[in-house]
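Okay, structure first, notes after.
Sequence positions, counted from 1, serve as the residue numbers for this chain. On a predicted model such as this, the values are computed, not experimentally measured, just so you know. Atoms within a ligand are numbered from 1 in the order they appear, just like the ligands themselves.
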Amino acid sequence: MNGPTVEKQNLSAGRLLRVLSGEALSPPPLWFMRQAGRYLPEYRKLRAQAGGFLDLCFDPALAAEVTLQPVRRYGLDAAILFADILLIPHALGQRLSFGEGEGPRLDPPVTPQTLTTFRAGDIPAPLAPVFETVRRCRAALPASTALLGFAGAPWTVATYMLAGGSSRDPAELRRLAYAEPGFVDALIATLVEATIPYLIAQIDACADAVQLFDSWASGLPEPLLQRLSVIPMQAIAAGVKKARPATPVIFFPRGAGVMLEAYARLPECDAISIDTSVSWDWARERLSPHAVVQGGLDPLLVVAGEKAMEDEARRLVETFRGAPYIFNLGHGFTPETPPENVARLVDIVREG
Ligand code: CP3
């Protein structure tokens with residue numbers, strides 16, 4: 001096991017933090033990516049009241065309420081701050097909007113010219129409502145429920161900034177990384193610089209641990225993966241740990257395949273979240289010796305429910321028995337997930 005948090009045995013901190021400190025618990029603690037969101041009727045109701053998604057993110061009372069909804073419903077071991085990875089580009093000066101059914105837009109797409117106008121040093125001031133959300137959640141949660149902060153990893157955030165929204169052609173971004181390395185590396189450096197104080201401010205508002213989402217790490221050849229994902233994520237975690245050494249950092253490099261081991265071996269990586277394509281036996285063998293493992297269950301199994309979900313959930317728990325493991329999905333819940341299947345899944349995992 002890596003990192004300064006390993007020796008820390010904080011028995012009052014709740015089950016998720018105990019596992020992040022390197023303890024193996026049975027049953028494993030659990031939370032879910034996108035546990036707050038459109039599959040929950042109570043979320044849809046508040047979202048309609050708030051108007052837009054951004055209005056929800058920037059209203060601490062509403063955002064805290066949305067954060068707490070799934071915890072109240074299912075008694076999970078962690079709440080994850082309700083916010084979005086695209087708030088940083090928004091705060092840097094790209095206007096973020098969500099059109100009905102078309103995903104996020106960032107206007108205008110970043111260019112070498114507009115990049116020079118971004119002031120990473122001004123972050124986190126414009127994101128102050130997010131920290132107020134964290135404070136409100138902490139005040140409302142029992143001490144045994146962990147509160148997770150998060151940010152996007154630089155490459156994933158950069159893909160949205162460069163494409164002006166969801167990228168339709170990842171190959172185009174890869175081409176840009178080769179053709180204009182100065183521009184792409186400067187963008188990544190700006191995001192590293194902006195993300196460190198953003199996460200520290202979440203921790204100071206009482207986030208117990210933070211997760212870095214690199215949802216678009218997939219498909220990068222090893223040298224690009226090192227340059228655009230491994231090294232920048234490590235730099236963020238190192239910056240956070242230099243300031244707040246006791247806070248665990250969870251890495252989620254989605255689609256990184258066998259390269260997951262390179263992240264898990266980083267001294268700054270306390271936990272690694274695995275996506276749906278990762279072999280659980282491989283992860284147990286190659287990742288568990290180096291970091292806490294989290295995740296793995298296909299969110300579509302929770303849409304299907306029934307025996308298919310139950311059998312796989314039990315197999316996942318069994319695979320990591322004896323290792324520090326946090327039950328979670330391989331990616332977020334989709335909007336069509338029946339909330340009652342989630343309740344059943346929680347029961348299965350809690351049976352241990
Ligand atoms: O419950 C939670 O997981 C906490 C909140 C959270 C959201 N987004 C809320 C959200 C978190 C951790 C994120 C992270 C995020 N946002 C990622 C990384 C994780 C991943 O899913 O890969 C990414 C890539 C984004 C960018 C983003 N935000 C996209 C592509 C979209 C639109 C896609 C979609 O599902 O519609 C969003 C919007 C968004 N962020 C929603 C939620 C609940 C849906 C907004 C709505 O209510 O319409």
Side-chain angles (χ1 to χ4, degrees), residues 30-59 62-74 76 78-90 94 96-106 130 133-134 137 146-161 163-168 170 191 195 198-199 202 207 209-218 229 233 250-256 273-276 294-295 299 328-337 339 342:
L30 86 167
W31 69 280
F32 301 109
M33 286 189 263
R34 286 275 164 99
Q35 63 190 27
R38 284 164 297 183
Y39 78 103
L40 285 180
E42 58 268 36
Y43 170 83
R44 292 196 298 271
K45 193 163 163 233
L46 261 194
R47 165 84 153 83
Q49 278 170 19
F53 175 70
L54 270 188
D55 300 308
L56 200 51
C57 290
F58 284 124
D59 182 321
L62 294 182
E65 174 56 25
V66 171
T67 305
L68 299 171
Q69 283 173 346
V71 181
R72 249 186 239 128
R73 197 189 249 262
Y74 304 115
L76 306 167
I80 180 160
L81 163 69
F82 190 82
D84 199 83
I85 65 163
L86 302 179
L87 296 186
I88 284 190
H90 184 69
Q94 283 183 298
L96 174 61
S97 58
F98 287 88
E100 231 11 87
E102 53 169 292
R105 288 188 49 156
L106 285 170
V130 173
T133 304
V134 175
C137 290
L147 177 57
L148 304 177
F150 74 91
W155 172 243
T156 288
V157 177
T159 65
Y160 290 97
M161 294 176 81
S166 300
S167 169
R168 266 159 205 81
L191 289 169
T195 304
Y198 178 56
L199 290 174
Q202 292 181 27
V210 293
Q211 177 156 325
L212 286 170
F213 289 89
D214 214 350
S215 304
W216 299 113
S218 47
S229 177
M233 285 175 88
I250 306 169
F251 284 50
F252 179 44
R254 186 163 73 102
S273 208
I274 57 173
D275 62 75
T276 49
Q294 169 180 280
N328 204 322
L329 309 168
H331 201 200
F333 281 136
T334 55
E336 70 273 22
T337 307
V342 178

Under a 4.0 angstrom heavy-atom cut-off, which atoms of ligand 1 come close to Y43? 43 (C), 45 (C), 46 (C), 47 (O)
Closest non-hydrogen protein atom to atom 1 (O) of ligand 1, residue and atom name please, with distance? A36 N, 3.1 Å
Would you mind telling me if ligand 1 is within reach of the side chain of H331, the backbone, both or neither, using heavy atoms under 4.0 Å? side chain
Partner set under ring pair (Phe, Tyr, Trp, His ring centres under 6.0 Å) for Y74, not counting sequence neighbours: none
Can you tell me which residue and heavy atom of the protein come closest to atom 28 (N) of ligand 1, and the distance to 0.1 Å? D84 OD1, 2.7 Å
Polar contact flag for Y160 and ligand 1 (N/O pairs, less than 3.5 Å): no
Heavy-atom contacts under 4.0 Å between F252 and ligand 1: side chain, backbone, both, or neither? neither
For W216, I'd like to know if atom CH2 has over 12 heavy atoms of other residues, nucleotides or ligands within 6.0 Å. no
Between R168 and S166 (side chain of the first, backbone of the second, donor and acceptor by atom type, cut-off under 3.5 Å), is there such a pair? yes
Atom 12 (C) of ligand 1 has as its nearest protein heavy atom F150 CZ, 3.4 Å
Can you tell me how far CD of Q211 sits from CD1 of I80, rounded to the nearest 0.5 angstrom? 5.5 Å
Are Q69 and L46 side-chain neighbours, meaning at least one heavy-atom pair lies under 4.5 Å? yes
Ligand 1 versus T67, non-hydrogen atoms closer than 4.0 Å: side chain, backbone, both, neither? neither
Measure the distance from atom 14 (C) of ligand 1 to every protein heavy atom, then report the residue, atom name and distance (to 0.1 Å) of the closest one. I85 CG2, 3.7 Å
Which residue holds the protein heavy atom closest to atom 38 (C) of ligand 1, what is that atom called, and what is the gap in Å? F98 CE2, 3.3 Å
For atom 18 (C) of ligand 1, what is the closest protein heavy atom, and at what distance to 0.1 Å? S215 OG, 3.2 Å
Shortest protein heavy-atom distance from atom 34 (C) of ligand 1, along with the residue and atom involved: R38 NH2, 2.9 Å
Do any N or O atoms from the side chain of R105 and from the backbone of G165 form a donor-acceptor pair under 3.5 angstrom? no
Measure from the side-chain N and O atoms of Q94 to the backbone N and O of L86, and report whether any donor-acceptor pair falls under 3.5 Å. no
Expected output: side-chain R254 to main-chain S215 donor-acceptor under 3.5 Å: yes
When you check the gap from the basic side-chain N to the acidic O, do R72 and E42 get nearer than 4.0 Å? no
Over 60° means perpendicular and under 30° means parallel, so classify the ring planes of H331 and F252, tilted if in between. tilted
Which residues satisfy the side-chain contact (heavy atoms from CB on, under 4.5 Å) test with R47, sequence neighbours excluded? Y43, F53, L56
Work out whether the distance between some heavy atom of A83 and some atom of ligand 1 is less than 4.0 Å. yes
So, 4.0 Å and heavy atoms of G332: is ligand 1 close enough to count as a contact? no
For ligand 1, is any non-hydrogen atom under 4.0 Å from P70's backbone (N, CA, C, O), its side chain (CB onward), both, or neither? neither
F32 to ligand 1, any heavy atom closer than 4.0 Å: no
Separation of L76 CG from L68 CG (nearest 0.5 Å): 11.0 Å
Tell me which protein heavy atom sits closest to atom 32 (C) of ligand 1, plus the residue, atom name and distance to 0.1 Å. P104 CD, 3.8 Å
Has T334 got any heavy atom lying under 4.0 angstrom from an atom of ligand 1? no
Per-atom contacts of ligand 1 with L81, taking only distances under 4.0 Å to non-hydrogen atoms: 4 (C), 5 (C)
Please state which part of R47 comes within less than 4.0 Å of ligand 1, counting heavy atoms only: side chain, backbone, both or neither. side chain
